[in-house]
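Okay, structure first, notes after.
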Amino acid sequence: MTYSVAVSGASGYAGGEVLRLLSAHPQVTIGAVTAHSSAGMSLGALQPHLHSLRDRQVQETSVENLRGHDVVFLALPHGASAEIVAGLGDDTVVIDAGADFRLQDQDAWEKFYGSRHAGTWPYGLPELPGYRERLRGERRIAVPGCFPTGALLALAPGFAGGLLEPDDVVIVSASGTSGAGKAVKPHLLGAETMGGMTAYGVGGGHRHTPEIEQGLSAMAGTGVSVSFTPTLAPMARGILTTATARVKPGVSAEQLREVWCQVYESEEFVTVLPAGQWPGTKSVLGSNHVALQLAFDSHAGRVVVSAVVDNLTKGTAGGAVQCMNLVLGLPENTGLTQAGVAP
C-alpha cells in the first residue's frame, strides 16, 4: 500500500530533511509541499539538494492544501500547528515536528513559550522504555525536540532501572547551527560561528528544559530536576550531549553498563558503543542513529553519558518518519536504513 503525504514548512531545514527521507521511502507518495513566505517558488530554488522534487511548486500552508492526505508532517514555527490541526480530520495522521503538543504541563508551556497551551499528544520517542506500544495506531504524534532526543536516550535506562538520583542532573549539549532554523540571524553567520563556541539559554532558560524533565520524570516515576545548558558549535548539524547524574549507593560501573546495554540491545537506531570507544557527531551525520557511551565517575559518584545525534535526522525528521512508520503499521526502519556520511 502507498500513502499520500504532505509536508508543511517545506522551505526550512526540518521540512527539507523530512522531504529528503520521504523521497527514498518506498511506501509514500509526496503530495503537497507547503510554506508561507516562499509559497509560489519552486522547491529546487529553496532545497537544491532535493533533486527528484526540484520542479515542485511550493503551495501556501493552509488546511485546504493539506487536507485529503493520509499523513501530514508539520514543520512550522512554535504555536502555529494548532490552527492547522483543527481543520484536519481524524482520518489524517498528523506528525508535528514543532513543540506545540509535547508538554503536559500547561504552566510550563506558558512560561517557556509565552502562548496558550494547545494540548498534549503522544510523545514520539519509541526507544524510551514503554513508549513504543503507546504510539501504535495513534493519529497524532508530537516529535521530540532535538536536544531532548539525545538527553533522554542518554539517561533513560538509569532512571527507568532505579539506579539514579532524581536531583542534581546536569546536561550540557553542543549543537550545530542548523538547530536554530534557516532564518537569517546575525549571530549565526559563518564569520560569527567559525572557530569558536558560545553558551546560550543559560540558567534554566532554554525551552527544552521542561521537556527533558518531563521525560526523565516519567522514567523515574518521580520528579527529576535538570540543569540544562546548550552551546553553539561551529558545525552545520549534529549534537553532542554530555549528561551526568548521581548514582544511588551501592550501584557499580558493571551494573550501569549492563542496564544500558539491556535497554538498547534490540534497538536498531540506538547503539551503546564498545567499552572505551566514545561517540563523535560525524558518525551519525545524515542517519537516524544515536550512538552513546557511559562511564562511572567513582570520585564524584556520578554516571557520565555521552550521546551523539544528527539534530535534523534522528533529532527531528528521522524521528518523525520513524513515528509515521509505527502509526501506519510499517516496519519501523522503512526509509531509514541509511548509514552515516563520512568523512
Side-chain angles (χ1 to χ4, degrees), residues 125 127-131 144-175 197-206 208-233 238-265 267 270-281 283-284 290-309 311 314-315:
L125 191 54
E127 291 89 356
L128 289 180
Y131 274 52
C146 54
F147 284 127
T149 296
L152 292 175
L153 292 174
L155 291 177
F159 282 111
L163 304 179
L164 305 178
E165 301 286 3
D167 57 346
D168 193 22
V169 177
V170 179
I171 300 172
V172 178
S173 295
S175 172
M197 290 185 64
T198 56
Y200 63 100
V202 181
H206 194 276
H208 285 167
T209 300
E211 186 180 340
I212 296 170
E213 290 187 333
Q214 174 180 284
L216 294 181
S217 297
M219 294 293 98
T222 189
V224 174
S225 61
V226 173
S227 173
F228 172 59
T229 303
T231 64
L232 186 66
I239 293 175
L240 170 65
T241 291
T242 303
T244 78
R246 289 191 297 118
V247 173
K248 290 184 176 180
V251 175
S252 67
E254 292 73 22
Q255 285 177 282
L256 290 168
R257 183 166 186 84
E258 181 180 3
V259 166
W260 259 259
C261 289
Q262 285 178 348
V263 168
Y264 293 133
E265 63 182 352
E267 293 294 345
V270 183
T271 301
V272 180
L273 296 174
Q277 181 181 347
W278 290 86
T281 55
S283 70
V284 295
V290 180
L292 58 86
Q293 183 59 275
L294 67 151
F296 179 43
D297 183 344
S298 58
H299 174 72
R302 305 180 71 90
V303 66
V304 181
V305 186
S306 181
V308 293
V309 57
N311 57 296
K314 178 59 175 171

Q: Please lay out, stage by stage, how Val290 and Val284 fare under the test side chain to side chain contact (heavy atoms under 4.5 Å, CB included).
A: CA-CA 7 Å; Val290 180; Val284 295; over 6 Å; no
Q.
The test is side chain to side chain contact (heavy atoms under 4.5 Å, CB included); show your working for Ile171 and Ile212 and say whether it passes.
A. CA-CA 10 Å; Ile171 300 172; Ile212 296 170; 3.8 Å; yes
Q: Go through Ser306 and Thr241 one step at a time and tell me if the side chain to side chain contact (heavy atoms under 4.5 Å, CB included) criterion holds.
A: CA-CA 6 Å; Ser306 181; Thr241 291; over 6 Å; no
Q | Worked verdict on Gln255 versus Ser252 for side chain to side chain contact (heavy atoms under 4.5 Å, CB included) | A | CA-CA 5 Å; Gln255 285 177 282; Ser252 67; 3.4 Å; yes
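Of the possible donor and acceptor atoms, one in the side chain of Ser283 sits under 3.5 Å from a partner among the backbone N and O of Gly280. Panel note: side chain Glu165, backbone Lys248; no donor-acceptor pair is recorded below 3.5 Å. With hydrogens and angles ignored, the 3.5 Å screen pairs no side-chain donor or acceptor of Ser225 with any backbone N or O of Asp167. Panel note: side chain Asn311, backbone Gly238; a donor-acceptor pair is recorded below 3.5 Å.
The two atoms that bring Phe296 and Gly301 nearest to each other are CE1-C, 4.0 Å, heavy atoms only. Of all heavy-atom pairs spanning Pro144 and Leu125, the tightest one is CG-CB, 3.7 Å. The nearest pair of heavy atoms linking Phe159 to Val169 is CZ-CG2, 3.6 Å. Shown here for Pro157 and Val263, the closest heavy-atom pair between the two residues is CB-CG2, 3.8 Å. The two residues Gln277 and Gln293 come nearest to each other via the heavy atoms O-NE2, 2.9 Å. The heavy-atom pair separating Pro166 from Gly223 by the smallest distance is CB-O, 3.4 Å.
For the atom pair OG1 (Thr229) and OH (Tyr200), the distance works out to 10.5 Å, reported to the nearest 0.5 Å. Rounded to the nearest 0.5 angstrom, Glu213 CD and Leu152 CG are separated by 11.0 Å. The CG atom of Leu164 sits 9.0 Å away from the CG atom of Leu216 when rounded to the nearest 0.5 Å. In this structure, the separation between CH2 on Trp260 and CG on Leu153 is 12.0 Å, given to the nearest 0.5 Å.
Residues Leu256 and Val251 have side chains in contact (heavy-atom distance under 4.5 Å, counting atoms from C-beta outward). Side-chain contact between Val308 and Ile239 is absent, with no heavy-atom pair separated by less than 4.5 Å. Looking at heavy atoms from C-beta onward, Cys146 lies in side-chain contact with His208 at the 4.5 angstrom threshold. A 4.5 Å side-chain heavy-atom check between Lys314 and Glu127 finds at least one atom pair inside the cut-off.
Scanning for side chain to side chain donor-acceptor pair (under 3.5 Å) contacts around Glu258 gives Gln262, with sequence neighbours left out. Judged as a salt bridge (charged side-chain N to carboxylate O under 4.0 Å, His left out), and not counting sequence neighbours, Arg257 has no contacts. A search for side-chain contact (heavy atoms from CB on, under 4.5 Å) contacts involving Thr231 returns Val172, Ala174, Met197, Ala199, not counting sequence neighbours.
Asp297 has no carboxylate O lying under 4.0 Å from a charged side-chain N of Arg302, or vice versa, which leaves the two without a salt bridge.
Residue Leu292 is tested with Val309, Val270, Thr271, Leu273 for a side chain to side chain contact (heavy atoms under 4.5 Å, CB included); the sole match is Val270.
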